[in-house]
Trainee: 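Mind looking over this structure? Questions follow.
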Amino acid sequence: MPIKSVVLIAEAETDGNPSAAMDLAAVGDRLGQDQPVGVHWLVVGKHAAAAGEYLSESTGYPATALVVPPEKPLTGALLANLAKPVLADLRPEIIAFLHTSSAQDCVGPLAIALEAACITGVQGIIADGDQFIFQRAVFGGKWLTEIRAGDRPVVLTVLPGFFQWEDTKRQPGPLEIQQPSPSPQRIRLIEARASDCEAALGQAETVVAAGRGIGSQENLDLIHRLAACFPKSAVAGSRLVCDAGWLPYSRQVGVTGATVSPALYLACGISGAFQHLVGMSGSRFVAAINKDPDAAIFRAADVGVVEDLNTFLPLLIEALERNRSYTA
Amino acid sequence: MKILVCTKRVPDLETIPTPEIPPKSPADIFRDGLAWRMNRYDEYAVEAALQLRETTGASRIDALTVGEEDAEEVLRRAMGMGADHGVHILQTNDRLTSPFTIAGLMAAYARERAYDLILCGTMSEDLMQGLVGPIMAGMLGWPCLTSVHAFAQSERSQALVCEREIEGGCQEALEIDLPALLTIQSGSCQPRYPALSKLLRANTYPLEVFSEETLAPADARQRVVTVRPPEQRREGVRIEGSSESKAHQLAAMLRSKGLC
Ligand SMILES: Cc1cc2nc3c(=O)[nH]c(=O)nc-3n(C[C@H](O)[C@H](O)[C@H](O)COP(=O)(O)OP(=O)(O)OC[C@H]3O[C@@H](n4cnc5c(N)ncnc54)[C@H](O)[C@@H]3O)c2cc1C
């Protein structure tokens, strides 16, 4: 069987170990489980040299680092432009990115340039003869689809948390450092601002999170009362709740909001889209309340209750308060 | 400025069940009896186009959809909100059509029509791929930014300044040269609700209708071969009983685990 060539593309705009990229390394290993593959890193950004060194050493895969001058902040378009010549050389069958904003800008146009297929949000890989089938969620996580890419190369984005890297001792891979000088771009980063996520969310031991199922801003009162039943608690929301203005964006949990890992995460009227789950999957215990018995959140919860929040939350608050008065 | 907004008709997620036995044909997850509406992110895209017209006097806003006869609904809604014109590419669609096919049809329509800006939703709520917009941009050779929640004309002519939220809630402002394609993310400015009178009037407007064959369909490149219920990632124990009993069981469980 011919050896399939795989390129893992890691962004290196920020300082420090590119720990998120280890999910990609795990994808490389996963692909190699069923057939021989040649895996290669392409590391792009201001800090590509250090990140490339770390990744090639810790994974044993060879790396090409494209060090981008600091006055040219990395955008998805720049990432695609810099990656194209390297990919044209390596001619990989599989190209994998993490599912980041820049990756989402660049994978579509890159697939067109490489005449490749393109599958986003991959969360599982199955071998199928000498091909692969890629799994991704649809309908807010209610179903999983399995996609085959035919004979073309395929560009993927991989969701965080689905592929676990197993750290074994490996021979460091070789590292090649290049310093491309990017041409003027049609997309320019003007300003980057840090997140204004509420620090209290990260410190809370219990996070009570409201989804659109809460129905109205007035009903948030129930969520606040529920949170008050727990010590060191905080109220958070899904993106849709923040979009509606029911909670400030600083309280949003998920990929474009805060990441929390409390002892208890109480998801109230949240459907369980992966963009939300990314922000709370590190919670120790997850309880979900939703009126839809098929909601995806129940697959990401330790315990689930199928109920209407309007009637159930007052009962739960009462039960918890009674609980408390026993202890007191 | 001439703007094209791409819209899709999607089923309401809450009406989709997950039976444990998957259907034989993947497309059958779109069973009969679903409630359908305009993709929410596309409503934001239409709203963004309308607001740009209000601030800059864009000359024309066209709404485009690819889909079966019924998909016409979303064009009517876009026109009810204020779009000038509706374009329907009729496709006998298995609803899991490859994003390359959809993007190919849309790009074929847009190519010779001198748009300055194309807006799509950041993803469709049903398939969640976020690919039709970026692939179309690739086909047209235009720059593309995804998940933009606000934008305005830049001081430079022929460019926009776009705001978006990226990983961890960080914010970015980016300038993009026109013509450009943006995919629109939900945000704090809610899409307007069309007045009934406007919706009724929109029902009488003629639509431009194409069959997919006339637009040279592109190669699909990939195919959904199976659908299955997702795996249980945590235990997912269901608490059963009357509402009162469930509340007590949940409270007792949290207490026994030292969580309250
Ligand atoms: C680029 C991008 C980034 C995103 N980032 C984030 C992010 O950071 N965080 C985030 O949360 N989302 C994010 N999203 C949005 C995400 O895809 C989902 O749309 C969102 O998480 C859904 O929010 P929800 O669960 O509150 O609402 P819905 O999906 O509408 O779900 C509401 C749920 O409430 C239930 N319900 C309704 N009424 C009741 C009732 N009376 N009692 C009990 N249950 C009820 C319903 O059954 C349903 O399951 C992002 C999307 C994109 C495209």
Side-chain angles (χ1 to χ4, degrees), chain A residues 77 100-101 104-105 108-109 112 117-118 120-121 133 137-150 152 186-195 197 229-230 243 245 255-258 263-264 271 285-286 292 294 298-305 307 311-312 315-316 319-320 323, chain B residues 13-14 16-18 26 29 126-131 134-135 137-139 143-147 161 165-177 186-188 221-230 232-239 243-244 246-248 250-251 253 255 257 259-260:
Chain A
T100 62
S101 304
Q104 287 172 78
D105 287 352
I112 293 300
C118 188
T120 51
I133 288 178
V138 297
F139 294 131
K142 280 187 161 183
W143 286 97
L144 213 55
T145 55
E146 299 184 334
I147 305 184
R148 201 198 309 250
R152 292 172 183 267
R186 291 182 294 179
I187 296 175
R188 299 162 291 274
L189 183 71
I190 309 174
E191 196 192 342
R193 286 188 301 279
S195 150
C197 290
C229 298
F230 300 90
D243 284 342
V255 63
T256 50
L264 172 62
S271 60
F285 192 82
V286 178
D292 175 1
D294 293 317
F298 289 128
R299 295 180 189 269
D302 297 285
V303 57
V305 179
E307 277 285 341
T311 48
F312 186 71
L315 296 172
L316 180 61
L320 287 164
N323 227 339
Chain B
L13 283 188
E14 285 168 43
I16 303 257
T18 317
I29 48 174
D126 54 356
L127 301 186
M128 309 171 77
Q129 300 177 102
L131 274 177
I135 289 173
M139 289 169 163
C144 160
L145 276 175
T146 57
S147 297
V161 174
E165 226 167 27
I166 61 164
E167 290 71 50
C170 298
Q171 313 270 330
E172 281 184 347
L174 300 114
E175 191 177 47
I176 185 168
D177 292 342
S186 58
S188 50
R221 302 195 185 192
Q222 59 202 47
R223 190 166 64 87
V224 175
V225 285
T226 26
V227 295
R228 64 175 73 246
Q232 197 69 42
R233 299 198 78 205
R234 289 185 188 239
E235 227 174 315
V237 176
R238 289 290 164 99
I239 294 182
S243 301
E244 286 80 8
K246 286 180 190 167
H248 282 109
L250 180 57
M253 178 190 267
R255 189 167 172 221
K257 294 192 180 295
L259 293 168
C260 64

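Everything numeric here is computed off the predicted structure, so don't read it as measured data. Chain identifiers are assigned alphabetically (A, B, ...) following the order of the sequence lines, protein sequences preceding nucleic acid strands; residue numbering begins at 1 within each chain. Just the heavy atoms: all of them, side chains too, but no hydrogens, waters or symmetry mates, feed the values below.
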Trainee: Given heavy-atom pairs under 4.5 angstrom as the criterion, report whether the side chain, backbone, both or neither of D302(A) touches chain B.
Mentor: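 Interface part for D302(A): both.
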Trainee: When R299(A) is tested against each of E235(B), Q232(B), R233(B) for side chain to side chain contact (heavy atoms under 4.5 Å, CB included), which residue passes?
Mentor: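 Result: among E235(B), Q232(B), R233(B), Q232(B) is the only option passing the side chain to side chain contact (heavy atoms under 4.5 Å, CB included) with R299(A).
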Trainee: Rounded to the nearest 0.5 Å, how far does CZ of R193(A) lie from CD of E165(B)?
Mentor: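 Going from CD on E165(B) over to CZ on R193(A), the span is 10.0 Å.
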Trainee: How many angstroms lie between atom OG1 of T226(B) and atom CD of E146(A), to the nearest 0.5 angstrom?
Mentor: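 If we round to the nearest 0.5 Å, T226(B):OG1 and E146(A):CD are 3.5 Å apart.
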Trainee: Do E167(B) side-chain atoms and S101(A) backbone N/O form a donor-acceptor pair below 3.5 Å?
Mentor: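 Judged by distance alone, yes, a pair lies under 3.5 Å.
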Trainee: Roughly how far, to the nearest 0.5 Å, is CZ of F285(A) from CG of L259(B)?
Mentor: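 One gets 6.5 Å once the value is rounded to the nearest 0.5 Å.
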Trainee: Please test I16(B) against W143(A) for side chain to side chain contact (heavy atoms under 4.5 Å, CB included), starting from the C-alpha separation and ending with a verdict.
Mentor: CA-CA 9 Å; I16(B) 303 257; W143(A) 286 97; 3.7 Å; yes
Trainee: Can you name the nearest heavy-atom pair linking T120(A) to Q129(B), along with the distance?
Mentor: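 Of all heavy-atom pairs spanning T120(A) and Q129(B), the closest is OG1-O, 2.8 Å.
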Trainee: Go through G245(A), S195(A), P109(A) and name the one with the most non-hydrogen pairs under 4.5 angstrom from chain B.
Mentor: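 So the answer, after comparing G245(A), S195(A), P109(A), is S195(A).
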Trainee: Testing the basics here: between G141(A) and M128(B), what is the closest heavy-atom pair and its distance to 0.1 Å?
Mentor: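 For G141(A) versus M128(B), the nearest heavy atoms are N-SD, 4.3 Å.
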Trainee: Keeping Q222(B) on the side-chain end and C118(A) on the backbone end, is there a donor-acceptor pair under 3.5 Å?
Mentor: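 Yes; at least one donor-acceptor contact below 3.5 Å.
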Trainee: If you compare all heavy atoms of H248(B) against all heavy atoms of A319(A), which two are closest, and at what distance to 0.1 Å?
Mentor: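 Heavy atoms only, the tightest pair is CD2-CB, 3.7 Å.
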Trainee: Just do the side chain to side chain contact (heavy atoms under 4.5 Å, CB included) check on L145(B) and D105(A) with the steps written out, would you?
Mentor: CA-CA 6 Å; L145(B) 276 175; D105(A) 287 352; 3.4 Å; yes
Trainee: Who wins among L316(A), I133(A), D294(A), V286(A) for the most heavy-atom pairs under 4.5 Å with chain B?
Mentor: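 Most pairs with chain B among the choices: D294(A).
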Trainee: Chain A heavy atoms under 4.5 Å from P26(B): which part of the residue, side chain, backbone, both or neither?
Mentor: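 Neither part; nothing is under 4.5 Å.
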Trainee: How long is the span from the CZ atom in R223(B) to the OG1 atom in T145(A), to the nearest 0.5 Å?
Mentor: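 Between R223(B) CZ and T145(A) OG1, I get 12.5 Å after rounding to 0.5 Å.
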Trainee: Does any backbone or side-chain atom of L131(B) lie under 4.5 Å from a heavy atom of chain A? Answer side chain, backbone, both or neither.
Mentor: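 Answer is side chain: those atoms of L131(B) sit under 4.5 Å from chain A.
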Trainee: Please determine, by modelled atom types, if S243(B) and E307(A) share a side-chain donor-acceptor pair under 3.5 angstrom.
Mentor: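 Yes, side-chain donor-acceptor contact under 3.5 Å.
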Trainee: To the nearest 0.5 angstrom, please state how far the CZ atom of F312(A) sits from the CG atom of L250(B).
Mentor: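 One finds 5.5 Å between CZ of F312(A) and CG of L250(B).
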Trainee: Walk me through whether I135(B) and I112(A) qualify under side chain to side chain contact (heavy atoms under 4.5 Å, CB included).
Mentor: CA-CA 7 Å; I135(B) 289 173; I112(A) 293 300; 3.8 Å; yes
